[in-house]
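Inspection log for the structure reproduced underneath, given as structure tokens.
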Amino acid sequence: MPELPEVETVRRGLANLIVGKVVSATDHDTPKSFPNTETDVRSFLIGANVTAVRRRAKVLMIDLSTNYSLVVHLKMTGQLVYVGGDERFGAGHPNDSLVNALPDKSTRVTLSFADESQLFFNDQRKFGWVKLLPTAEIPRLPFMLKVGPEPLAETFTVDMFAERFQRRGRTNIKAAILDQSVVAGVGNIYADESLWGAKIHPKRLVATITPEEFEALYTDLREVMNLSIEKGGSSNRNYVNAEGKRGSYMDFARVFRREGLPCPRCGTTIEKLRVAGRGTHICPHCQTL
DNA sequence: CACTTGACCTGTCCGC
DNA sequence: TGCGGACAGGTCAAGT
């Protein structure tokens, strides 16, 4: 799934839907999806009140009144879908069919709240997880120690952006922008979209990128991510928000998954290639080596 | 260190 | 219709 705009969309939804609710029960399939001890679950999850829902990079944190948090990574196919107690089997709910189908085959973790509502963590490919950890320990997780700055933060400047790349001078710009220790939250969709916006070929070595190009990339990355959040994220395959609804950014995508279609800037046919081990979409006229 | 590749999983799509 | 292979929004652990 889920890159920064999708995770942020889920965060905003959950912040409205579950803050203040009391956890009454939990269930899961494999320990891989929910690697927590029974003792911790009983002591710090059951009976806890949800106090906040936060995000850092592509990681979600559901804070609890016990000073523990549920830390969630959706990886490629994870979903967090909330179903209100009164919505189940209710007629006229916008997501009737999806909501009433849960839990389903991909459901890995279920959280039940005291008011009968539920939160489902679904994950087709089982890469994601939900970890119960002391809130104060989260910043000391290896991932949190190495992850780069939030690209949409007001304090994040173009100079900081360009500086972050200097450590990765000998690789290509696509691998570097996907590196979470350079900048947080960029994944395959927004890497391709922003490189197209800045007219930079994804195979260009970082060391050859000019200050003007870094500035264009910085501006475009932020624009494209802000637009995507506004559109509720990208539903390329199975991403949905906390209410089970798809996002519409893919309707606005300029190159991602648009191979064979004309470039919206010059009309040249968009091509798909492989860079940094990932499917990569470019306009061969706008983005040259 | 910086960099690349394979592994983790299931489902879907495409060519034979 | 069936089957094999490639591929899919992300990160890690290994290898060079």
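Residue numbers start from 1 in every chain, and the chains themselves are labelled A, B, ... in the order their sequence lines are given, proteins ahead of strands.
- Considering only heavy atoms from C-beta on, A:L111 comes within 4.5 Å of A:L45 through its side chain.
- Atom pair A:L178:CG and C:dC12:P shows a separation of 14 Å (rounding to whole Å applied).
- At distances below 3.5 Å, not a single donor-acceptor pair connects side-chain atoms of A:Q118 with backbone N or O atoms of A:T110.
- Legend: ring-ring contact (aromatic ring centres under 6.0 Å, His included) pairs involving residues 31-73 of chain A, not counting sequence neighbours, sorted by first then second residue: A:H28-A:F34, A:F44-A:Y68, A:H73-A:W129.
- Between A:C286 and A:T268, every side-chain heavy-atom pair lies at or beyond the 4.5 Å cut-off.
- Distance noted for atom P between C:dA14 and B:dC9: 15 Å (whole Å).
- When all heavy atoms are compared, the tightest approach of A:G279 to A:R274 is N-NH1, 3.7 Å.
- Residue pairs satisfying the ring-ring contact (aromatic ring centres under 6.0 Å, His included) criterion with at least one member in residues 166-205 of chain A, sequence neighbours excluded, are listed as follows: A:Y190-A:Y249.
- A close approach under 4.0 Å does occur between a side-chain nitrogen or oxygen of A:K272 and OP1 or OP2 of C:dA8.
- Rounded to whole angstrom, the span from the CG atom of A:L4 across to the P atom of C:dT11 amounts to 11 Å.
- Using a 4.5 Å heavy-atom cutoff, the side chains of A:D123 and A:L74 are not in contact.
- One P atom belongs to C:dG9, the other to B:dC3, and the distance between them is 23 Å to the nearest Å.
- Contact footprint of chain A on DNA chain B: nucleotides with an atom under 4.0 Å from a non-hydrogen protein atom, first to last in 5' to 3' order, B:dA2 to B:dG11.
- In this structure, A:I229 places its CD1 atom 15 Å from C1' of C:dG9, rounding to the nearest Å.
- Contact check on A:R257 versus A:D192 returns no salt bridge, with no Lys/Arg side-chain nitrogen under 4.0 Å from an Asp/Glu carboxylate oxygen.
- Taken residue by residue, residues 164-175 of chain A places heavy atoms nearer than 4.0 Å to DNA chain B at A:R167, A:R168, A:G169, A:R170, A:T171.
- Here the C1' atom of nucleotide C:dT11 and the CZ atom of A:F143 are 8 Å apart, to the nearest Å.
- For the pair A:K21/A:Y82, a side-chain contact is recorded, criterion being any heavy-atom separation below 4.5 Å from C-beta on.
- Inter-residue side-chain proximity for A:V240 and A:R246 is flagged as met; some heavy-atom pair is nearer than 4.5 Å.
- Backbone-only engagement by A:G279 is indicated by non-hydrogen atom pairs under 4.0 Å involving sugar-phosphate atoms exclusively.
- Atom NZ in A:K58 sits roughly 11 Å away from atom P in C:dG9 (whole-Å rounding).
- Across all strands shown, A:Y249 has no heavy atoms under 4.0 Å from either base or sugar-phosphate atoms.
- Rounded to whole Å, the distance from CD on A:E259 to C1' on C:dA6 is 14 Å.
- Remark: ring of A:F127 overlaps the six-membered base ring of C:dG10 in a stacked fashion, centroids less than 5.5 Å apart, planes less than 30° apart.
- The separation between A:M250 atom CE and C:dA8 atom C1' is 12 Å, rounded to whole Å.
- Residue A:R237 has no polar side-chain atom (N or O) positioned under 4.0 Å from OP1 or OP2 of C:dC7.
- Remark: A:K75 is not in phosphate contact with C:dT11, judged by side-chain N or O atoms under 4.0 Å from OP1 or OP2.
- OP1 or OP2 of C:dG10 has not a single side-chain nitrogen or oxygen of A:Q180 nearer than 4.0 Å.
- Considering all non-hydrogen atoms of both residues, A:S117 and A:D115 come closest at OG-OD1, 2.6 Å.
- Residue contacts shown for A:R274 are limited to sugar-phosphate atoms, with no base heavy atom under 4.0 Å away.
- Comparing the C1' positions of C:dA6 and B:dG6 gives a spacing of 15 Å, expressed to the nearest Å.
- Between the P atoms of B:dT12 and C:dT11, the separation comes to 24 Å (whole Å).
- Atom P of nucleotide C:dC12 and atom CG of A:L141 are separated by 10 Å, given to the nearest angstrom.
- For the pair A:W129 and A:S234, nearest-nucleotide mapping onto DNA chain C gives the more 5' position to A:S234.
- Evaluation of the side chain to side chain donor-acceptor pair (under 3.5 Å) test over residues 143-155 of chain A, restricted to residues two or more places apart or in two chains, returns A:R55-A:E150, A:R56-A:E150.
- Backbone-only contact: A:G187 has heavy atoms under 4.0 Å from sugar-phosphate atoms and none from a base.
- With contacts defined as side-chain heavy-atom distances shorter than 4.5 Å, the pair A:I62/A:L60 does not qualify.
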Dot-bracket notation for DNA chain C is requested: 5' to 3', Watson-Crick or G-U wobble pairs only, both distances under 3.5 Å, with ( ), [ ], | and . as defined. .|||||||.|||||||
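- At the phosphate of C:dG10, neither OP1 nor OP2 sits under 4.0 Å from any side-chain N or O atom of A:H73.
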